[in-house]
Number of protein chains: 2
Amino acid sequence: MGFAETFKALSDPARREILDMLKDGPMTAGDIGNHFDMTGPTMSYHLKILKNADLIYEEKQKNFIFYHLNTSVLEEIMVWMSSLKGDK
Amino acid sequence: MGFAETFKALSDPARREILDMLKDGPMTAGDIGNHFDMTGPTMSYHLKILKNADLIYEEKQKNFIFYHLNTSVLEEIMVWMSSLKGDK
DNA sequence: TATCTATTTAGATGTTTATCTAAATAGATG
DNA sequence: CATCTATTTAGATAAACATCTAAATAGATA
């Protein structure tokens, strides 16, 4: 939990695409995975990184896991970026 | 040049600190390096990554190189982040 | 309860990253 | 022009990362 973790999570194109997909609502791990040419375990790995970075959270429902976007961390990053730009 | 490169550049704490330092005005590679417990070559490596990510640019003056902050790339990232947040 | 479905964990592997030391470049100055 | 100062390039290395296959978990259902 820190900027390093967040930026590392955001540095991978697949992970950014996952976030874009979740913008329209929660999805199961399987449905997310179907959009990529990757194995399940690889998808699971990326989801874990996004989860550890607090960019998504999971909700278990039956034997599915729904992933939700969490944008609160992005707010903090935008504050830092604004300060870099000199916006006080 | 792309989000991947930018986020990777931002994922390192030393590199983020360099950007914070440059917020107050340009600095030479040497002066930047003096703030860190790192060798010159390591500093040079980080500066190159920031430069390739277009987050800084250099201006040669005598036998010094002054590094300047460049925030235009951050704007694009903030636009993407805003869209994730649903700010249309 | 046996098994099917959804997802994760474990372990292996090739690639990328951050760091160092040693050497190279290039401009300024005695 | 010899050398000092500022910085980078080259090459090596340990750690971290992204990916895979095989196996494990855990809940739903026949």
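The sequence lines fix the lettering, A, B, ..., with proteins before strands; numbering per chain opens at 1.
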query = Quick one: do the E58(B) and H68(B) side chains pair a donor with an acceptor below 3.5 Å?
reply = no
request  = Could you tell me whether K8(B) contacts a base, only the sugar-phosphate backbone, or nothing, with contacts defined as non-hydrogen atoms closer than 4.0 Å?
outcome  = sugar-phosphate
Interface limits on DNA chain D, where chain A has a heavy atom under 4.0 Å of a nucleotide atom = dC17(D) to dA28(D)
task = Verify the cluster assignment for L19(B) and F36(B): are they in a single hydrophobic cluster under the rule of side-chain heavy atoms below 4.5 Å apart?
result = yes
query = Within the structure shown, what part of the strands sits under 4.0 Å from F64(B) by heavy-atom distance: base, sugar-phosphate, or nothing?
reply = sugar-phosphate
task = Verify the cluster assignment for L50(B) and Y45(B): are they in a single hydrophobic cluster under the rule of side-chain heavy atoms below 4.5 Å apart?
result = no
task = Using whole Å, report how far OH of Y45(A) lies from C1' of dG14(C).
result = 13 Å
message = Measure CG/N52(B) against P/dT16(C) and give the value in whole Å, please.
response = 15 Å
task = Assign F36(A) to base, sugar-phosphate, or nothing according to its heavy-atom contacts below 4.0 angstrom with the strands shown.
result = nothing
H46(A) backbone acceptor or donor facing R15(A) side chain under 3.5 Å = no
ask   = In terms of hydrophobic clusters joined by side-chain contacts under 4.5 Å, are I49(B) and L22(B) together?
value = no
key: N63(A) or D12(A), whichever maps to the more 5' nucleotide of DNA chain D   = D12(A)
query = Would you call the rings of F7(B) and F3(B) parallel, tilted or perpendicular if under 30° counts as parallel and over 60° as perpendicular?
reply = perpendicular
ask   = What nucleic acid atoms does M38(B) come within less than 4.0 Å of, heavy atoms only: base, sugar-phosphate, or nothing?
value = sugar-phosphate
request  = Answer yes or no: are there more than 12 heavy-atom neighbours, outside D37(B) itself, under 6.0 Å from its atom CG?
outcome  = no
task = Could you say whether S11(A) or Q61(A) is positioned toward the 5' end of DNA chain D, judged by the nucleotide with the nearest heavy atom to each?
result = S11(A)
inquiry  = What's G30(B) touching, base or sugar-phosphate or nothing? Going by heavy atoms closer than 4.0 Å.
reply    = sugar-phosphate
task = Examine dA18(C): is either OP1 or OP2 under 4.0 Å from a nitrogen or oxygen in the side chain of T42(B)? Give yes or no.
result = no
message = Applying a 4.0 Å non-hydrogen cut-off, can you work out what F66(A) is touching in the nucleic acid: base, sugar-phosphate, or nothing?
response = nothing
ask   = Can you tell me how far P of dT17(C) sits from NE2 of H46(B), to the nearest Å?
value = 12 Å
